[in-house]
Amino acid sequence: MVAFADQVRRQQWLGHTGKPIQSIVNIGIGGSDLGPKMVCHALQPLGEPKLSMHFVSNVDGADLQQVLAQIDPATTLAIIVSKTFTTLETMTNAHSLRSWLLSHGVPEAKLGQHLVGVSADPARAIQLGIAPECVFKIWDWVGGRYSLWSAVGLSALLYIGPTHFSELLAGAAQMDQHFREAPLRRNLPTILALLARDGK
Ligand SMILES: O=P(O)(O)OC[C@H]1O[C@@H](O)[C@@H](O)[C@@H](O)[C@@H]1O
């Protein structure tokens with residue numbers, strides 16, 4: 001995953017006309033959308049300025065159309081993110097985006113340069129035309145709401161780069177440890193949960 005991200009970030013991963021990737025479109029919903037979207041938004045100052053990031057989750061076609069109007073198929077990389085690869089909203093948007101690429105000049109044989117997948121079920125991703133080596137696997141035991149820390153974080157990795165992404169993972173591991181060990185009075189996730197409860 002890091003080798004792939006490095007290639008894209010160094011402008012060595014080329015689209016079908018030989019141009020480097022400039023736009024990343026993350027297609028997913030729930031945990032396969034919100035985590036990476038939040039990281040890309042929050043860590044924008046660390047983001048790669050040559051990449052524009054887009055997130056499409058809504059099955060209402062207006063969501064996808066707004067993004068398609070801003071990007072060039074020749075320089076677009078779509079990441080279809082779905083643990084199950086059966087989620088209706090994501091599959092609908094994935095098929096629409098695939099059709100858009102094909103109808104805007106991307107030859108079917110070169111679709112693999114513009115489409116990658118993240119899933120616990122790679123066979124389903126391959127059926128969509130994603131090259132087997134471009135399907136990044138999520139472990140089966142990762143729950144959707146925590147999946148940012150798995151391959152679902154690919155768009156965040158592309159945007160902030162491997163060094164910052166490793167720091168993000170290390171910070172999360174540190175917080176896991178803090179949650180297990182810190183006394184409740186100083187336990188940050190516990191305090192946050194209590195504040196949220198009080199806020200209701
Ligand atoms: O990643 P997929 O399988 O498309 O699921 C997307 C989302 O679906 C929702 O119903 C929940 O289960 C979320 O936890 C999950 O992130």
Side-chain angles (χ1 to χ4, degrees), residues 1 4-5 8 23-44 46-47 51-71 76-101 114-130 134-160 164-166 168-169 171-173 175-176 179 188-190 192-193 195-197 199-200:
M1 207 165 115
F4 170 71
V8 174
S23 305
I24 310 282
V25 184
N26 189 100
I27 297 207
I29 196 167
S32 300
D33 168 66
L34 293 167
K37 188 175 173 175
M38 181 269 292
V39 169
C40 291
H41 180 68
L43 301 183
Q44 198 178 358
L46 304 178
L51 292 176
S52 71
M53 306 300 295
H54 307 269
F55 291 83
V56 176
S57 60
N58 198 325
V59 75
D60 181 337
D63 202 17
L64 180 62
Q65 287 310 321
Q66 267 175 24
V67 170
L68 299 184
Q70 298 172 47
I71 58 178
T76 291
L77 177 73
I79 310 176
I80 315 300
V81 187
S82 177
K83 183 178 168 186
T84 55
F85 240 78
T86 58
T87 307
L88 184 64
E89 293 88 337
T90 301
M91 291 305 106
T92 305
N93 283 328
H95 281 105
S96 303
L97 193 127
R98 184 180 187 277
S99 304
W100 176 78
L101 289 169
H114 296 272
L115 263 188
V116 302
V118 175
S119 184
D121 191 347
R124 285 183 185 271
I126 292 164
Q127 271 171 20
L128 194 77
I130 298 175
C134 291
V135 183
F136 300 95
K137 189 137 190 322
I138 316 173
W139 301 287
D140 219 27
W141 48 265
V142 176
R145 78 200 74 165
Y146 310 111
S147 57
L148 162 66
W149 319 108
S150 69
V152 168
L154 179 59
S155 48
L157 168 64
L158 283 163
Y159 190 48
I160 65 175
H164 291 130
F165 194 75
S166 301
L168 183 77
L169 294 182
M175 186 50 75
D176 278 350
F179 179 55
L188 293 175
T190 305
L192 266 180
L195 285 173
R197 185 178 170 275
K200 278 190 181 164

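Quick note: numbers below take in every heavy atom, side chains included, and nothing from hydrogens, waters or symmetry partners.
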[X] (side chain) donor-acceptor with [Y] (main chain) under 3.5 angstrom:
X	Y	answer
Asn93	Asn58	yes
Lys83	Asp140	yes
Arg98	Leu128	yes
Asn26	Lys37	no

Heavy-atom distance under 4.5 Å between the side chains of [X] and [Y], does that happen here?
X	Y	answer
Leu77	Val25	no
Tyr159	Ile24	no
Leu88	Val59	no
Ser57	Glu89	no
Lys137	Ser119	no

Query - Worked verdict on Phe179 versus Thr190 for side-chain contact (heavy atoms from CB on, under 4.5 Å) - result: CA-CA 8 Å; Phe179 179 55; Thr190 305; 3.8 Å; yes

Query raised in the report: With respect to Leu97, which candidate in Leu68, Thr92, Val56 satisfies the side chain to side chain contact (heavy atoms under 4.5 Å, CB included) definition?
Result: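 That would be Leu68.
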
Minimum heavy-atom separation for [X] and [Y], please, with both atom names.
X	Y	result
Ala5	Leu158	CA-CD2, 3.6 Å
Val39	Ala156	CG1-CB, 3.8 Å
Gly31	Pro36	O-CD, 4.0 Å
Cys40	Met53	SG-CE, 4.1 Å
Leu148	Gly35	CD1-C, 3.8 Å
Ser32	Val152	CA-CG1, 3.9 Å

Query raised in the report: Please walk me through it: do Val81 and Ile27 pass side-chain contact (heavy atoms from CB on, under 4.5 Å)?
Result: CA-CA 6 Å; Val81 187; Ile27 297 207; over 6 Å; no

Requested in this report: Test Ile80 against Val116 for side-chain contact (heavy atoms from CB on, under 4.5 Å), laying out the working first.
Outcome: CA-CA 6 Å; Ile80 315 300; Val116 302; over 6 Å; no

Query raised in the report: Would a line drawn from the ring center of Phe4 to the ring center of Phe136 be shorter than 6.0 Å?
Result: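 Yes, they do, as the ring centres are separated by less than 6.0 Å.
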
Query raised in the report: Distance only, no hydrogens: is a donor on one side chain within 3.5 Å (strictly under) of an acceptor on the other, for His54 and Ser52?
Result: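 Yes - a donor-acceptor pair under 3.5 Å links their side chains.
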
Requested in this report: Classify the side-chain pair Ser147/Ser150 by whether it contains a donor and acceptor separated by less than 3.5 Å.
Outcome: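 Looking only at side-chain atoms, Ser150 and Ser147 do not form any donor-acceptor pair under 3.5 Å.
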
Query raised in the report: Passes side-chain contact (heavy atoms from CB on, under 4.5 Å), Met1 versus Leu154? Steps please.
Result: CA-CA 7 Å; Met1 207 165 115; Leu154 179 59; 3.6 Å; yes

Hey, could you give me the [atom1]/[atom2] distance between [X] and [Y], rounded to the nearest 0.5 Å?
X	Y	atom1	atom2	answer
Ile71	Gln66	CD1	CD	12.5 Å
Phe55	Ile79	CZ	CD1	8.0 Å
Trp149	Phe165	CH2	CZ	8.0 Å
Ile160	Leu43	CD1	CG	5.0 Å
Asp33	Met38	CG	CE	11.5 Å

Report task. Go through the steps for Thr87 and Thr84 under the test side chain to side chain donor-acceptor pair (under 3.5 Å), then give the verdict. Result -> CA-CA 7 Å; Thr87 307; Thr84 55; 3.3 Å; yes

